[in-house]
Structure formats: structure tokens, C-alpha cells
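Following: one structure in C-alpha cells, then a few remarks.
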Amino acid sequence: MGLFKEQAVDFLQLIVAGDIDAAYEKYVSSDLRHHNPYFPGDAESLKNAMKENDGMSPNKTLEVKQTIEEGEMVMVYSHIKQNPVDLGGAAIHIFRFSEGKIIEMWDVGQPVPEESPNENGMF
């Protein structure tokens, strides 16, 4: 696994484990820009939202399904569940690194449906 892929996956795993401050200190640039449409685009706003989610869903899990690294860009495709019985959702996180830190981030998600006509599944 490439260096940035390892860092992106470790960042997400720390977030899901509730170690949000440690994840930010280790991997996030103070100049982070993110593109989540539900929060202001600065690092602190996203960090606070992650802490709020951790308080509401302390038993969430993340299972990485695929990663792609190209230069300083990394994509992580994963299955996130808010609790063990939740069907969860598919999430794609895209990271841009600069000087070894996450400088820009995008995330999109899609809930796992109870029933699907697609025999291949989402993962």
C-alpha cells in the first residue's frame, strides 16, 4: 500500500475509533479545505462535526473495500455502519495531500438498501 493510502486509511480508522484529535494532529494540515456541503469548509468545523457524530454513534465501524492512490490523491471506498445492526452505507472519501498532510477532502455516501435487484451487491 502506498504511503498516502496508508495515511488516509489510518486517518479514517482513527476518526471511527473516536480519536479525532489525534487523527487531525497526525494527518491534517491546518489549511484543510473540505467539500462536505453540510458544514463550513474549514478544518475546525469538520472536526467538530466528527466529534458530534462520534458522541451519537460511538460503536460505528468502517471496513475499507478499495483504495486508489495517484500522486498526492487518494480515494478510499468503504462500508460504514453507525452500529453493529445498521445496514450502513457506502462511502467514498477523496483526499489530496500536500507536504505529507491532508490539505483537501471530499466525501460522498450512499445508504445500503434493504433490498436490491443487483446481484453483485454494493461491495
Side-chain angles (χ1 to χ4, degrees):
M1 186 180 292
L3 175 63
F4 293 132
K5 282 200 278 191
E6 288 179 18
Q7 291 176 343
V9 168
D10 192 44
F11 171 76
L12 291 172
Q13 289 172 334
L14 285 169
I15 296 297
V16 168
D19 295 330
I20 297 156
D21 287 329
Y24 268 70
E25 185 177 318
K26 190 171 183 180
Y27 294 116
V28 175
S29 168
S30 60
D31 296 324
L32 173 75
R33 293 177 3 158
H34 72 84
H35 300 275
N36 187 309
Y38 300 104
F39 310 103
D42 62 289
E44 198 64 27
S45 296
L46 186 61
K47 182 181 187 180
N48 290 337
M50 290 174 168
K51 286 181 176 184
E52 184 178 325
N53 179 266
D54 184 61
M56 294 185 318
S57 302
N59 297 316
K60 73 180 142 303
T61 60
L62 176 137
E63 183 181 350
V64 174
K65 299 296 187 175
Q66 293 185 39
T67 58
I68 298 171
E69 181 175 338
E70 184 174 310
E72 292 188 329
M73 299 291 292
V74 174
M75 183 280 307
V76 180
Y77 179 60
S78 55
H79 184 191
I80 298 177
K81 295 174 138 189
Q82 296 301 310
N83 60 62
V85 296
D86 181 28
L87 290 175
I92 296 174
H93 291 88
I94 302 170
F95 302 94
R96 183 170 66 85
F97 285 80
S98 178
E99 299 178 7
K101 298 278 189 171
I102 299 167
I103 190 87
E104 196 164 14
M105 185 174 129
W106 299 259
D107 61 313
V108 294
Q110 178 181 16
V112 174
E114 286 188 33
E115 294 182 28
S116 171
N118 188 319
E119 66 278 2
N120 299 314
M122 292 179 66
F123 306 103

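By convention here, the first residue in the shown sequence is residue 1.
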Before you tell me yes or no, could you show the steps for Gln82 and Asn53 under side chain to side chain contact (heavy atoms under 4.5 Å, CB included), namely the whole-Å CA-CA distance, both residues' side-chain angles and the distance that decides it to 0.1 Å?
CA-CA 9 Å; Gln82 296 301 310; Asn53 179 266; 3.5 Å; yes
Ser98 to Ile103 - nearest heavy-atom pair and separation:
CB-CG2, 3.8 Å
Is there a path of hydrophobic side-chain contacts, each under 4.5 Å between heavy atoms, that joins Ile68 and Phe11?
no
Closest heavy-atom pair and its distance - Glu25, Lys101
O-NZ, 3.1 Å
One pair to check against side chain to side chain contact (heavy atoms under 4.5 Å, CB included): Arg96 and Trp106. What are the steps and the verdict?
CA-CA 9 Å; Arg96 183 170 66 85; Trp106 299 259; 4.3 Å; yes
Closest non-hydrogen contact found for Gly71 with Phe4 is O-CD1, 3.5 Å
Measuring from Leu14:CG to Leu62:CG, what's the distance to the nearest 0.5 Å?
11.0 Å
Answer whether the closest heavy-atom distance between the side chains of Tyr24 and Met50 falls below 4.5 Å.
yes
What distance separates Glu44 CD from Leu32 CG, expressed to the nearest 0.5 Å?
10.5 Å
Establish whether Met73 and Leu12 are linked, either directly or via other cluster members, by ILVMFWY side-chain heavy-atom contacts under 4.5 Å.
no
Consider side-chain contact (heavy atoms from CB on, under 4.5 Å). Of Val64, Val74, Asp10, Val76, which one does Lys5 pass it with?
Val74
How many angstroms lie between CZ in Phe123 and CD in Gln66, if you round to the nearest 0.5 Å?
10.5 Å
Are Val9 and Val28 grouped together when hydrophobic residues (ILVMFWY) are joined by side-chain heavy atoms under 4.5 angstrom apart?
yes
Would the distance check show the side chain of Ser78 and the main-chain N or O of Ile80 forming a donor-acceptor pair, the cut-off being under 3.5 Å?
no
Contact summary for Ala90 and Met122, nearest pair of heavy atoms
CB-CE, 3.6 Å
Considering all heavy atoms, the nearest Val16-Asp54 contact
O-OD1, 4.2 Å
Grouping I, L, V, M, F, W and Y whenever their side-chain heavy atoms are under 4.5 Å apart, do Tyr38 and Ile15 come out in a common cluster?
yes
Are the side chains of Val112 and His79 in touch, meaning some heavy atoms are under 4.5 Å apart?
yes
Gln13 side chain near Asp19 side chain, heavy-atom distance below 4.5 Å
no
Side chains of Asn83 and Asn59 only: does a donor on one sit below 3.5 Å from an acceptor on the other?
no
Evaluate the criterion side chain to side chain contact (heavy atoms under 4.5 Å, CB included) for residue pair Asn48 and Phe39; output intermediate values, then yes/no.
CA-CA 10 Å; Asn48 290 337; Phe39 310 103; over 6 Å; no
Verdict with reasoning, Asp86 to Lys60, per side chain to side chain contact (heavy atoms under 4.5 Å, CB included)
CA-CA 9 Å; Asp86 181 28; Lys60 73 180 142 303; over 6 Å; no
Give, for atom NE2 of His34 and atom NZ of Lys47, the distance between the pair rounded to the nearest 0.5 Å.
13.0 Å
To the nearest 0.5 Å, what is the distance between CD1 (Ile94) and CE (Met75)?
7.5 Å
NZ/NE/NH1/NH2 to OD/OE distance under 4.0 Å, Glu104 and Arg33
yes
Under the criterion ring pair (Phe, Tyr, Trp, His ring centres under 6.0 Å), I'd like the reasoning laid out for Phe97 against Tyr27: C-alpha separation, chi angles, the key distance, then a yes or no.
CA-CA 9 Å; Phe97 285 80; Tyr27 294 116; 7.8 Å; no
